[in-house]
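So the structure is just underneath, and the comments pick up after that.
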Amino acid sequence: MNKPLYRNLHFALASSSLSRQIKLSCFHTLAEQLQDCKDSVSLSSAHTTVLKLGLSNDTVTTNHLMNGYVRLQRIDDAHQLFDEMPQPNVVSWTSLMAGHINAGQPKKALWLFGSMVVGLVLPNAFTFATVVKACSILADLRTGKKVHAQVEVFGFGYDLVVCSSLIDMYGKSNDVGEAHRVFDLIPQRNIVSWTSMITAYAQNGRGQDALELFREFNYLTLDRPNHFMLASVINACASLGRLVTGKITHGAVIRNGYDSNDVVATAIVDMYAKCGCLDYSTKVFQKIHNPSVIPYTSMIVGAAKYGLGKLSLELFEEMTERGISPNDVTFIGVLHACSHSGLVDQGLEHLNSMHHKHGIVPDTKHYTCVVDMLGRTGRLDEAYNIAKSIQVKPDEGALLWGTLLSTSRLHGRVDIAFEASKWLIESNQQVAAAYVILSNTYALAGRWENVHSMRSEMKRNGVAKEPGCSWVEIKDCTYVFYAGDVSSCPRGSEVVSLLKELEVRMKERGYVGGSTGLVFVDVEEETKVEMVGLHSERLALGFGLISIPKGVTIRVMKNLRMCRDCHEAFKVISDIVERDFVVRDVNRFHHFKDGSCTCRDFW
DNA sequence: GTAGGGTTAG
């Protein structure tokens, strides 16, 4: 119920000195009422009161009212109120900008900022934090830099909130260097500025830097990480495939009471899937009470990458039956699942259902999945026709045509490999890889003249292919392998010779597959060896990863699944790796298990 | 006075 706001108001206004006091008190109560509005009915009632009292021209009162509409997501009403204001102040402008951002209209916020600057109202730190956020959402680096320049001109370069939003903006716009420059200049950092920087690293493929910064945070501050920070750190672990660090961070999440936070739980689901532990992902996922589309998608993608297409599709069914609408990312997972499990017809059905059943227009990423799916089963002509039918920008098409190129090579289709390479080279995308793969395709077809001419063309044009790399994590140590460079890993040659032996055994057991990858069916469940599809693009020319229980991860052939014999071979490999592994501090694991570790030393 | 920053799936 509304408070009896303006009882005896006319009387109060009639008497002079008393009137000011009561008027102030009434404003105060009205402000409280406006801030308390939780629904449209109470807001409309408060709005009527404002009109009745003749306060519609009062800037502060209208600002309160406007924020009420913003909170209720009624941005059009908020904007109309703003338009009717005789003298909007900096708060009015900033509130409206924030309202448009909340309503998913960041461009409108930037437009308002432009209009505000033209007028006589000067922006303050609140305004800049809001405008920078709009740039961040749009990943608009150009405008973001201009706004940053104005931040300096207006003297807000040391405002903590503005700085944090600038770090975030640079991070989201993929300029980590600039993000770090801003971070370095902050005199007194807080948990938000630390998180912004950690996130900027984590989201830009600099997971190791993210973990190191987190370690610095733990050393330098007395603050405990909160759910924002932990979600980012887990994201960094996921991108690096760092299972042990991920588990330790999971421990930190539990100890700090954030395991019931859905965003953190989703990050953990994703982390375990990317580290090859889908069982753990499932356990964490099942604890989420009402999973939204994001945790569902995370599981769908995780299962798909794991080669468990059926599980992936079952999760999709379950999700839609529960009335949760899939989005474009969900369909990337679904198509990926079909692609990696040979479910071509189901995949095509899902592609067709996207638009008419779910209102999602397939984009280049979806078509890339479909090209991959058709290509894997040898339906190269269909894949090529799809690729040709899509009009794409060079950067968007790189993955599409790169996928077609890889898959053409796998099936020895020189004609399509040539067309795909041509597209990539002409669009100046993945040029070195295109040359190498085309050259390898020629080699596979025995067309050595073409191979030699490709190599000389590469030399003439100064094209050099960076060697691909993969890495393994053995407990808390990471070993990096470069393609064609056995010497970079201690005892790497032994690992390679064992892998060769493994391949021989697999051939004896009747593996199916081409020269780059082996596909072995009939997984023996009791081996409990898990396949990881992680970094598959990076590893197109090299090896994939397989994770073996006890936290030992070993590099093996791409797309490999295990039979009993192979598992025996792996045990030999794992013994070698185990011997190389130096246990720095066994207590760390004990600490993790009993949940009492401080985690300060881990990152 | 009223308005501002960081987290999850590809």
Side-chain angles (χ1 to χ4, degrees), chain A residues 24 27-28 30-32 34-35 58-68 70-71 88-99 101 109 123-134 136 156 159-169 171-172 189-200 202-203 225-236 238 253 258 261-271 273-274 281 284-285 288 291-302 304-305 326-336 363-366 368-369 399:
Chain A
L24 278 171
F27 280 163
H28 180 65
L30 177 61
E32 279 179 350
L34 284 164
Q35 282 175 324
D58 179 73
T59 302
V60 176
T61 306
T62 313
N63 285 346
H64 275 299
L65 203 50
M66 206 166 68
N67 282 314
V70 165
R71 278 194 298 275
N89 64 9
V90 61
V91 180
S92 327
W93 283 94
T94 308
S95 300
L96 192 63
M97 286 178 210
I101 290 172
N124 62 16
F126 286 72
T127 320
F128 280 115
T130 309
V131 176
V132 172
K133 188 178 181 179
S136 168
F156 299 115
D159 183 281
L160 193 53
V161 180
V162 173
C163 286
S164 300
S165 57
L166 281 169
I167 293 166
D168 174 63
M169 180 275 293
K172 298 280 192 311
R189 297 163 186 161
N190 69 0
I191 193 159
V192 181
S193 43
W194 280 97
T195 304
S196 301
M197 195 59 231
I198 289 170
T199 307
Q203 292 177 341
N226 62 13
H227 57 295
F228 287 95
M229 189 177 270
L230 288 167
S232 255
V233 172
I234 290 163
N235 192 16
V253 166
Y258 296 119
N261 179 290
D262 285 1
V263 175
V264 175
T266 306
I268 294 170
V269 166
D270 175 61
M271 181 273 293
K274 285 184 175 148
S281 292
V284 177
F285 175 74
I288 302 175
S292 69
V293 63
I294 299 180
Y296 258 112
T297 302
S298 197
M299 278 303 294
I300 289 167
V301 171
K305 285 185 173 174
N327 60 24
D328 54 333
V329 187
T330 317
F331 275 104
I332 288 169
V334 167
L335 294 170
H336 202 80
D363 63 27
T364 314
K365 290 190 284 292
H366 300 104
T368 303
C369 288
L399 195 56

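Sequence lines set the chain letters: A, B, ... in the order given, protein chains first and strands last, and positions in each chain run from 1. When reading the values below, keep in mind they use all heavy atoms of this one structure, side chains included, and skip hydrogens, waters and symmetry mates. Keep in mind that this is a model prediction, so the values were computed, not measured.
Counting only N and O atoms by type, the side chains of D363(A) and H366(A) include a donor and acceptor under 3.5 Å apart.
Put simply, CE on M299(A) is 12 Å from C1' on dA9(B), counting in whole angstrom units. If you measure from atom CD1 of I198(A) to atom C1' of dG5(B), you get 15 Å, rounded to the nearest angstrom. Residue M169(A) contributes atom CE, which lies 15 Å from atom C1' of dG6(B) at whole-angstrom precision. As rounded to whole Å, 13 Å separates atom C1' of dG5(B) from atom NE2 of H227(A). Across the protein-nucleic acid pair, K172(A) atom NZ and dG6(B) atom P stand 7 Å apart, rounded to whole Å. Rounded to an integer number of Å, the gap from CZ of F126(A) to P of dT2(B) is 9 Å. The distance between atom CG of N190(A) and atom P of dG4(B), rounded to the nearest whole Å, is 16 Å. Atom CZ of F285(A) is separated from atom P of dT8(B) by 18 Å (rounded to the nearest Å).
When heavy atoms are screened at a 4.0 angstrom cut-off, V301(A) is found touching the sugar-phosphate backbone but no base atom. Across all strands, T195(A) comes closer than 4.0 Å to base atoms (heavy-atom distances). Base contact: I191(A) has a heavy atom under 4.0 Å from a base atom. At a threshold of 4.0 angstrom between heavy atoms, the contacts of V269(A) with the nucleic acid are absent. At the heavy-atom level, L230(A) lies nowhere under 4.0 Å from the strands shown.
Nearest to the side chain of D328(A), among dG5(B), dG10(B), dT8(B), sits dG10(B). For N67(A), counting side-chain heavy atoms from C-beta on, the closest listed nucleotide (dG4(B), dT8(B), dT2(B)) is dT2(B). Set against dT8(B), dG4(B), dG10(B), the side chain of I294(A) has dT8(B) as its closest nucleotide. The listed nucleotides are dG5(B), dA3(B), dT2(B); the one nearest the side chain of V192(A) is dG5(B). Out of dT8(B), dT7(B), dG4(B), the shortest distance to the side chain of T266(A) is found at dT8(B). Which of dG10(B), dG5(B), dT7(B) sits closest to the side chain of K133(A) comes down to dG5(B). Comparing dG4(B), dT8(B), dA9(B) by their closest approach to the side chain of A129(A) singles out dG4(B). Side-chain proximity of S165(A) to the nucleotides dG5(B), dG10(B), dT7(B) is greatest for dG5(B). Minimum atom distance to the side chain of Q203(A) is reached by dT8(B), of the listed dT8(B), dG10(B), dG6(B).
The closest side-chain heavy-atom distance from N226(A) to Y258(A) is below 4.5 Å. Looking only at side-chain heavy atoms (C-beta outward), I332(A) and V301(A) stay at 4.5 Å or farther from each other. By the 4.5 Å heavy-atom criterion applied to side chains, D262(A) and P295(A) are not counted as neighbours.
Taking 4.0 angstrom as the limit, K274(A) places a side-chain polar atom (N or O) nearer than this to OP1 or OP2 of dG10(B). For N89(A), no side-chain nitrogen or oxygen approaches OP1 or OP2 of dA3(B) to under 4.0 Å.
Counting atom types as modelled, N124(A) pairs no side-chain N or O with a base atom of dG4(B) as donor and acceptor under 3.5 Å. With hydrogens and angles ignored, a donor-acceptor pair under 3.5 angstrom links the side chain of D159(A) to the base of dG4(B). If you check distances only, the side chain of S196(A) never reaches the base of dG6(B) with a donor-acceptor pair under 3.5 Å. Judged by distance alone with a 3.5 Å cut-off, no donor-acceptor contact links the side chain of S232(A) to the base of dT7(B).
Every side chain to side chain donor-acceptor pair (under 3.5 Å) that T127(A) has, sequence neighbours left out, goes to T94(A), N124(A). Among residues two or more places apart in sequence or in another chain, the side chain to side chain contact (heavy atoms under 4.5 Å, CB included) test is passed with S232(A) by I198(A), T199(A).
Note: F285(A) and Y296(A) have perpendicular aromatic rings, judged against thresholds of 30 and 60 degrees for the angle between ring planes.
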